[in-house]
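A quick note: this is a predicted structure, and the numbers were derived from the prediction, not measured.
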Amino acid sequence: MNIHAKPTKPEITTGPLPSSRKIYVTPEAAPDLRVPLREILLSPEAKEPNLPVYDTSGPYTDNDVAIDVNKGLPRTRQKWVLERGGVEEYDGRVIKPEDNGNVGASQPRQRPSTLSTGRFAASATRRSRSLSSPARASSPRR
C-alpha cells in the first residue's frame with residue numbers, strides 16, 4: 001500500500017439476491033424479535049407456494065438498511081443478551097499498531113479503526129474458568 005494514497009471506502013456487495021426476497025417473521029413468544037427469512041420465488045408453473053428458508057446473510061441483502069462498513073453493524077441484540085444474564089460488560093480498548101501487524105518502524109502506518117472502543121459483553125462463566133481446569137483441558141475448542 002502506498003502510504004501517500006488516500007484511503008478508499010471498501011466495496012461490499014449489498015442489495016437483494018436474485019429470485020428471492022428478504023422477509024421477517026415475528027414469533028408470538030418474542031414480539032420484539034424479527035427472524036430473517038429468504039423467500040425463494042418459485043415459478044407459477046411449479047404450482048407450489050414460495051419457499052421460506054432461514055436467511056443468514058445479515059443486513060447486507062436488506063434494501064431497507066443503509067450499510068456503512070466504517071460504522072459497523074448496529075448491536076440489535078445487546079439489550080436481549082444483557083437481560084438474559086450470564087454475561088458481564090467491559091470497556092473495549094484502543095486498537096494498537098501491533099494489532100494490525102505494525103511492529104516495526106519499517107511497517108506502514110495504518111489509520112486507526114473507528115470501531116476500536118465501546119462496551120462489550122462476555123460470558124461471565126467463561127471468563128472465570130481457570131486455564132488449569134480439567135474440564136477446560138478436556139473439552140474441544142469452541
Side-chain angles (χ1 to χ4, degrees), residues 1-3 5-105 107-142:
M1 176 178 155
N2 185 340
I3 61 172
K6 292 182 180 178
T8 59
K9 185 175 181 181
E11 292 185 27
I12 56 171
T13 303
T14 61
L17 298 175
S19 302
S20 67
R21 65 182 178 153
K22 189 166 201 129
I23 60 174
Y24 295 90
V25 295
T26 302
E28 287 182 29
D32 58 333
L33 186 66
R34 292 177 8 135
V35 179
L37 298 178
R38 169 111 353 237
E39 186 177 46
I40 299 171
L41 307 174
L42 301 177
S43 68
E45 294 82 28
K47 295 183 178 156
E48 297 279 340
N50 292 334
L51 179 65
V53 296
Y54 184 66
D55 186 353
T56 60
S57 64
Y60 297 99
T61 57
D62 191 334
N63 280 342
D64 299 329
V65 176
I67 302 295
D68 183 347
V69 295
N70 293 316
K71 288 185 179 177
L73 297 175
R75 296 178 179 265
T76 56
R77 298 182 342 164
Q78 185 170 8
K79 180 181 173 190
W80 174 75
V81 168
L82 295 173
E83 284 176 352
R84 72 178 184 178
V87 296
E88 60 186 56
E89 281 190 284
Y90 65 95
D91 289 319
R93 65 173 178 80
V94 174
I95 293 178
K96 299 176 183 177
E98 54 268 24
D99 294 333
N100 293 322
N102 297 340
V103 292
Q107 296 287 336
R109 182 181 165 100
Q110 294 183 1
R111 63 188 175 101
S113 170
T114 57
L115 305 176
S116 59
T117 60
R119 297 285 296 165
F120 300 94
S123 168
T125 56
R126 186 172 193 146
R127 291 186 72 186
S128 64
R129 280 190 203 158
S130 167
L131 291 176
S132 61
S133 166
R136 172 86 179 202
S138 63
S139 64
R141 278 187 103 164
R142 293 181 192 192

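- Remark: side-chain polar atoms of K22 are not paired, donor with acceptor, to backbone N or O of S57 under 3.5 angstrom.
- Remark: R77 CZ to L33 CG distance equals 9.5 Å, nearest 0.5 Å.
- Between the side chain of N50 and the backbone N or O of L42 there is at least one donor-acceptor pair closer than 3.5 Å.
- Residues satisfying the salt bridge (charged side-chain N to carboxylate O under 4.0 Å, His left out) test with D62, not counting sequence neighbours, are none.
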Please determine whether salt bridge (Lys or Arg N to Asp or Glu O under 4.0 Å) holds for the pair D55 and R21, giving the CA-CA distance in whole Å, both sets of side-chain angles, and the decisive distance to 0.1 Å.
CA-CA 10 Å; D55 186 353; R21 65 182 178 153; over 6 Å; no
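- Atom CD1 of I67 sits about 5.5 Å away from atom OH of Y60, to the nearest 0.5 Å.
- Between L82 and V87 there is a side-chain heavy-atom pair separated by less than 4.5 Å.
- Using a 4.5 Å cut-off on side-chain heavy atoms (C-beta onward), R84 and K79 make no contact.
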Passes side-chain contact (heavy atoms from CB on, under 4.5 Å), V35 versus Y54? Steps please.
CA-CA 8 Å; V35 179; Y54 184 66; 3.9 Å; yes
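- Contact check for P59 versus L73: side-chain heavy atoms found under the 4.5 Å cut-off.
- Put simply, the side chain of V25 reaches to within 4.5 Å of the side chain of L37, judged on heavy atoms.
- Between the OG atom in S19 and the CD atom in E39 there is a gap of 12.0 Å [rounded to 0.5 Å].
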Checking Q78 against E89 for the side-chain contact (heavy atoms from CB on, under 4.5 Å) test, could you report, in this order, the C-alpha distance in whole Å, the side-chain angles of both residues, the deciding distance, and whether it holds?
CA-CA 10 Å; Q78 185 170 8; E89 281 190 284; 3.6 Å; yes
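- For the side-chain contact (heavy atoms from CB on, under 4.5 Å) with R38, the qualifying choice from V53, T56, L51 is V53, the only one to do so.
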